[in-house]
Protein chains: 2
Amino acid sequence: METGRSLMDAVRERCGRCSGRSLSICNVIDDQDLPALVAASSRVVVSSGRCFIQEGAPAHDFYVLTGGRAKLFTLMPDGRRQIVGFAELGDFLGLTSSETYAFTAEALGDVTLCRFPHSAIDRLVERFPRLRGRLQKEASSELVKMQSRLMVLGRKTARERLASFLVEQASPCCGHHALHDEQEPITLPLPMSRTDIADYLGLTIETVSRTFGLFRKEGLISVKGASSVTLLAPGVLSDIANGIKRD
Amino acid sequence: METGRSLMDAVRERCGRCSGRSLSICNVIDDQDLPALVAASSRVVVSSGRCFIQEGAPAHDFYVLTGGRAKLFTLMPDGRRQIVGFAELGDFLGLTSSETYAFTAEALGDVTLCRFPHSAIDRLVERFPRLRGRLQKEASSELVKMQSRLMVLGRKTARERLASFLVEQASPCCGHHALHDEQEPITLPLPMSRTDIADYLGLTIETVSRTFGLFRKEGLISVKGASSVTLLAPGVLSDIANGIKRD
DNA sequence: CCCATCAATTGATCTAGATCAATCTTCCAC
DNA sequence: GTGGAAGATTGATCTAGATCAATTGATGGG
């Protein structure tokens with residue numbers, strides 16, 4: 001919470017250069033109204049490996065991710081883990097129907113966030129009704145992504161799962177600009193570990209690694225040091241992801 | 001769309017006895033405002049096995065399910081199917097971020113619905129702002145359910161999946177009233193086929209059937225003619241669902 | 001009531017992916 | 001650089017659940 005002169009500075013500092021601005025819920029707020037947004041929120045920096053949302057903890061705050069990436073996961077009592085999503089620039093976290101968070105969020109590398117207390121969002125929504133619609137749209141679009149993830153986990157083979165993952169990573173924001181060119185190679189950073197990918201796809205690290213190996217041998221990808229891949233044939237990978245066989 | 005005298009009749013007819021009223025989005029609308037709701041919507045009856053939402057078709061309408069149950073699924077090009085949910089009384093269908101439906105909805109037995117054209121919902125939301133919040137809450141709660149479904153499909157064994165399914169069926173409305181008593185037997189109708197259950201849980205019919213058989217032998221359930229189960233030990237099933245071993 | 005049809009169960013095998021077990025990289029901290 | 005620790009790859013085996021194959025049981029039309 002900031003006021004007066006420093007608030008204007010804060011707006012310039014926080015929103016002026018915020019690369020998440022156009023992607024996130026903030027994009028329904030006019031420039032002149034930004035101070036209200038800044039006043040309602042606080043900037044949070046989370047260092048690599050730290051958790052900023054705890055599954056089951058009281059849900060006091062919403063977050064907009066403004067830098068870095070995070071993994072979102074749930075645990076079973078015996079430690080089995082399912083990653084329910086990877087958050088990126090502009091993603092809105094902490095929407096929950098209940099009074100507690102449904103997942104844990106951990107920073108993959110250093111992460112910056114804007115934190116909005118629950119109560120502050122209520123006030124903002126009252127003042128900027130379009131925000132409510134934006135929040136709903138956010139939830140709906142997440143819901144659609146979830147439905148395709150259910151298909152991945154319920155019905156796809158290991159090959160199809162990894163291909164789905166790679167294609168998804170190549171088209172952030174729910175396939176917005178799709179794959180620019182189906183044939184054009186695309187290089188992606190993979191800030192998550194093989195273990196994370198395995199827990200996302202319902203596989204083991206060994207299977208993930210072997211499948212990466214296969215794709216490499218088949219000339220579909222090339223790997224640079226485990227945290228960067230180039231999709232050499234995005235179109236083929238996309239077909240594999242959808243269970244389509246080319247001959 | 002109805003007017004005048006017949007509208008009042010329609011309200012009495014449609015909403016007065018609607019058992020979904022208290023569960024659905026309609027529960028944020030005062031009785032006196034119901035006519036607006038009725039005027040904006042039309043009643044639809046769908047007979048068993050018919051689809052009323054088609055994956056990929058232009059999303060013109062929203063639906064509130066007011067009677068019966070439906071299965072929601074997506075297909076892969078080769079016909080593999082993933083059931084993404086079973087809709088029941090009061091459920092709101094057709095929320096989507098894109099211009100097309102993300103899944104197909106098919107009636108399990110005869111189904112009645114209230115259909116709201118997209119445009120009508122926009123007008124209603126403008127007139128009744130609380131509706132917007134209700135819609136968002138609906139989407140958020142669905143999102144939370146999805147996250148636990150990802151765990152089911154990604155990390156649970158066949159036993160755990162079927163137990164999860166049975167416990168979920170026993171506590172409709174996202175575990176609202178939970179299991180009244182963990183030890184009290186509960187009898188459930190199962191309007192869906194074994195194939196549907198398999199496609200919901202990412203298993204084959206054979207595995208579903210075998211696992212039902214095991215639960216029966218272990219005295220955890222008793223089955224009446226494939227479309228009705230009694231959970232004899234809901235607490236134990238719940239523990240199995242969560243991977244907790246009692247000894 | 002009885003047959004036909006389709007769903008569900010049960011049994012026998014097979015296999016994709018898990019598990020167990022070494023290496024081999026990568027990349028810091030020193 | 002250099003040692004070492006964590007992560008990734010690769011290989012050998014095992015197994016839960018898939019697949020293939022009957023058989024049994026429901027359900028509904030004539």
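Each chain gets a letter, A, B and so on, in the order its sequence line appears, and its residues count up from 1. Keep in mind it's a predicted model, so treat the numbers as computed, not measured.
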Using whole Å, report how far CG of Asp199(A) lies from C1' of dG7(D). 14 Å
Could you work out how much the helix from dC1(C)-dG30(D) to dC30(C)-dG1(D) bends, comparing the axis of its first five pairs with that of its last five, to 10°? 50°
Sub-4.0 Å heavy-atom contacts from residues 75-82 of chain B onto DNA chain C, ordered by number: none
Are more than 12 heavy atoms, taken from residues, nucleotides or ligands other than Arg43(A), located less than 6.0 Å from that residue's CZ atom? yes
With sequence neighbours excluded, residues passing side chain to side chain donor-acceptor pair (under 3.5 Å) with Ser193(A): Asp196(A)
Got Val229(B) and Phe215(B) here, is their nearest side-chain heavy-atom distance under 4.5 Å? no
Which letters describe nucleotides 12-30 of chain D, given B = protein heavy atom under 4.0 Å from base, S = only from sugar-phosphate, - = neither? B----SSBB----------
Output the residues of residues 216-224 of chain A in contact with DNA chain D, where contact means a heavy atom of the residue under 4.0 Å from an atom of the strand; sort by number or write none. Arg216(A)
Residues at least two apart in sequence or cross-chain that pass side chain to side chain donor-acceptor pair (under 3.5 Å) with Gln147(B), listed by chain then number, are none
The criterion is side-chain contact (heavy atoms from CB on, under 4.5 Å); which residues satisfy it with Leu75(A), sequence neighbours excluded? Glu55(A), Phe73(A), Arg81(A)
Flag, side chain of Arg155(A) to backbone of Arg80(B), donor-acceptor distance under 3.5 Å: no
Sequence neighbours left out, what passes side-chain contact (heavy atoms from CB on, under 4.5 Å) with Arg115(B)? Give chain and number order. Ser42(B), Val44(B), Asp61(B), Tyr63(B)
What pairs of residues pass the side chain to side chain donor-acceptor pair (under 3.5 Å) test when at least one of them lies in residues 209-226 of chain B, not counting sequence neighbours? Arg159(B)-Glu218(B)
Mind checking side chain to side chain donor-acceptor pair (under 3.5 Å) for Thr230(A) and listing every partner two or more places apart, or none if nothing turns up? Thr187(A)
Tell me the ring pair (Phe, Tyr, Trp, His ring centres under 6.0 Å) pairs involving residues 147-170 of chain B, sequence neighbours left out? Phe165(B)-Tyr200(B)
So does Ala241(B) get a backbone contact from the side chain of Lys156(B), meaning a donor-acceptor N/O pair under 3.5 Å? yes
Applying side chain to side chain donor-acceptor pair (under 3.5 Å), name anything that partners Thr74(B), two or more places apart in sequence or on another chain. none
